[in-house]
Amino acid sequence: MPELPEVETIKNDLLPLISGQIIKAVEIYWPGTLRNASVETFSGEVVGRTIAGSKRRGKYLVFPLDNGKSIAVHLKMSGSLLFIPKGESLSASHVRAMFVFDDGSRLAFRDIRKFGGIWLLEKNSGFLDKLGPEPLENNFTPQIFQNILKGRDIPIKALLLDQVAIAGIGNMYADEALFEAGIKPGEKAGGLREDEAGKLYSAILNVLKKGIKSGGASVSTYQRPDGSKGLSHRDFRVARRRDQQCLECKTPLEYTKVRGRGTIYCPHCQK
DNA sequence: CATTGTCCCTGGAAGC
DNA sequence: TGCTTCCAGGGACAAT
């Protein structure tokens, strides 16, 4: 399940592979993949255009085109983007869309559960403006984070998952950040002391940076555009460790639901 | 407005 | 072995 570190990894991997590529054709195998355009409209706007780069905003991948428009991709739970060099074939199932480039290479959008999607964004569309601040950008400061927490009457984990509050954090890295900060996921966001908020701020940055450094977490169907896996899940202390004991204190980890999301934490290390 | 609940979808795991 | 049932979860949307 791609979160910020996974999407950042895919973005970086794709940058040298697709920048400057001319889109020769678009093949849509499941029309629902296109979320705001018909197959005809999408193809008409995209075919013949050159991809100008590879960016990320929250969990969205954004590929700017040379006409000012952009293609946005959200992988949601089970999506992946696979780059297929010229002359090579793809043995993956559940391919929902394919971008064919002028030089014979291709980019496949694979998505088992059909939660993911592709959007055509107009120039300055504002589509991504609803997202909260990027946690790894300089303008995300401890003070900004304090302000985001202030007055919020929801579990801190629910706030971390709220893309309008902060962009890019998902279920795994939320649990990891809360463990590193020593804070229980069910604590009220607005009730955190300043020092707790400061710890959590640092923990968020740490777990996301560490995740990027390891190429993302290859749980579920996540894979990089060349088909390789990430290693970030090896560093997880609580995420994906249901029914195990805490690596620090050996206390059995607790499993609960916060706003419908599976949540794992150490009842001893997290207060 | 703030917060919580429901639903989408599928493969894999668990139960019988 | 083979069938059925349950579960995971990001985010749009509905309900409270």
Side-chain angles (χ1 to χ4, degrees), chain A residues 1-8 10 28-37 56-62 72-81 91-97 109-119 121 125-135 147-178 185-192 204 208 211 216-223 232-233 236 238-244 253-265:
Chain A
M1 37 215 76
E3 303 179 23
L4 189 153
E6 288 74 33
V7 180
E8 178 75 10
I10 293 166
I28 305 295
Y29 307 116
W30 184 63
T33 299
L34 298 178
R35 296 308 172 111
N36 68 346
R56 180 190 59 74
R57 177 76 173 95
K59 300 177 196 169
Y60 285 88
L61 286 150
V62 181
V73 177
H74 199 306
L75 302 171
K76 292 283 181 82
M77 297 300 302
S78 59
S80 53
L81 287 171
S91 59
S93 60
H94 304 91
V95 174
R96 309 299 182 190
F109 174 65
R110 177 176 191 245
D111 184 23
I112 294 168
R113 294 186 200 173
K114 296 180 173 174
F115 280 14
I118 299 175
W119 289 258
L121 304 189
S125 78
F127 179 77
L128 301 166
D129 294 353
K130 58 180 185 280
L131 296 172
E134 283 292 327
N147 292 342
I148 291 169
L149 297 179
K150 203 188 306 174
R152 296 300 301 267
D153 189 31
I154 56 172
I156 180 60
K157 176 168 177 186
L159 183 132
L160 294 181
L161 295 177
D162 180 357
Q163 303 300 298
V164 174
I166 311 161
I169 302 171
N171 205 36
M172 299 182 298
Y173 291 95
D175 279 2
E176 287 302 304
L178 287 165
E187 288 294 301
K188 284 289 160 65
L192 293 191
I204 290 167
L208 294 178
S218 274
V219 302
S220 187
T221 58
Y222 168 75
Q223 50 186 339
S232 160
H233 51 294
F236 285 169
V238 288
R240 317 296 298 183
R241 289 187 182 275
R242 187 177 176 177
D243 295 330
Q244 298 182 25
L253 297 177
E254 296 265 349
Y255 176 84
T256 57
K257 294 250 183 186
V258 175
R259 287 278 280 290
R261 299 296 178 253
T263 299
I264 304 164
Y265 69 98

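Every value quoted in this text rests on a predicted model; they were computed, and no experiment measured them. Reminder, nothing fancy here: chain letters follow the sequence lines and each chain counts from 1.
Checking B:dT3, C:dG11, B:dT10 against every side-chain atom of A:Asp153, the shortest atom distance belongs to B:dT3. Nearest nucleotide to the side chain of A:Arg113, out of C:dG9, B:dT3, C:dG10: C:dG9. Each of B:dC9, C:dG11, B:dG11 was ranked by its minimum atom distance to the side chain of A:Ile112; first place goes to B:dG11. Here the side chain of A:Lys130 is nearest to one of B:dT4, C:dA12, C:dG9, namely C:dA12. Distances were taken from every side-chain heavy atom of A:Pro155 (C-beta onward) to each of B:dT4, C:dG11, B:dC9; the shortest belongs to B:dT4.
Here A:Lys188 lies out of heavy-atom contact (under 4.0 Å) with every strand. Backbone-only engagement by A:Arg242 is indicated by non-hydrogen atom pairs under 4.0 Å involving sugar-phosphate atoms exclusively.
For the residue pair A:Arg110 and A:Ser78, no side-chain donor N or O sits within less than 3.5 Å of a side-chain acceptor on the partner. For the residue pair A:Glu6 / A:Tyr173, a side-chain donor-acceptor distance below 3.5 Å is found, with atom types taken as modelled.
Between C:dG11 and A:His74, a contact under 4.0 Å exists linking OP1 or OP2 to a side-chain N or O. For A:Arg152, a side-chain nitrogen or oxygen approaches OP1 or OP2 of B:dT3 to under 4.0 Å. A:Tyr255 has a side-chain polar atom (N or O) that falls below the 4.0 Å cut-off from OP1 or OP2 of C:dA8. Taking side-chain N and O atoms only, A:Arg259 has a distance below 4.0 Å to OP1 or OP2 of B:dT4.
Remark: C1' of C:dC13 and NZ of A:Lys76 are 12 Å apart, rounded to the nearest angstrom. Whole-Å rounding puts the A:Arg57 CZ to C:dG11 P distance at 12 Å. Put simply, CG on A:Asn171 is 16 Å from P on C:dC7, counting in whole angstrom units. Separating the CG atom of A:Leu160 from the P atom of C:dG9 is a distance of 15 Å, rounded to the nearest angstrom. B:dT3 atom C1' lies 12 Å from atom CG of A:Leu159, rounded to whole Å. Counting to the nearest Å, the C1' atom of B:dT10 and the NE2 atom of A:His94 are 7 Å from each other. Atom CE of A:Met77 and atom P of C:dC7 are 15 Å apart (whole Å). One can place CZ of A:Phe115 at 5 Å from C1' of B:dC9, the figure rounded to the nearest angstrom.
For the pair A:Arg261 and A:Gly151, both in contact range of DNA chain B, the more 5′-proximal nearest nucleotide belongs to A:Gly151.
Between the A:Arg57 side chain and the A:Leu131 main chain, a donor and an acceptor come within less than 3.5 Å of each other. With hydrogens and angles ignored, the 3.5 Å screen pairs a side-chain donor or acceptor of A:Asp175 with a backbone N or O of A:Ile264.
A salt bridge does not link A:Lys59 with A:Glu3: none of the charged nitrogens is closer than 4.0 Å to a carboxylate oxygen.
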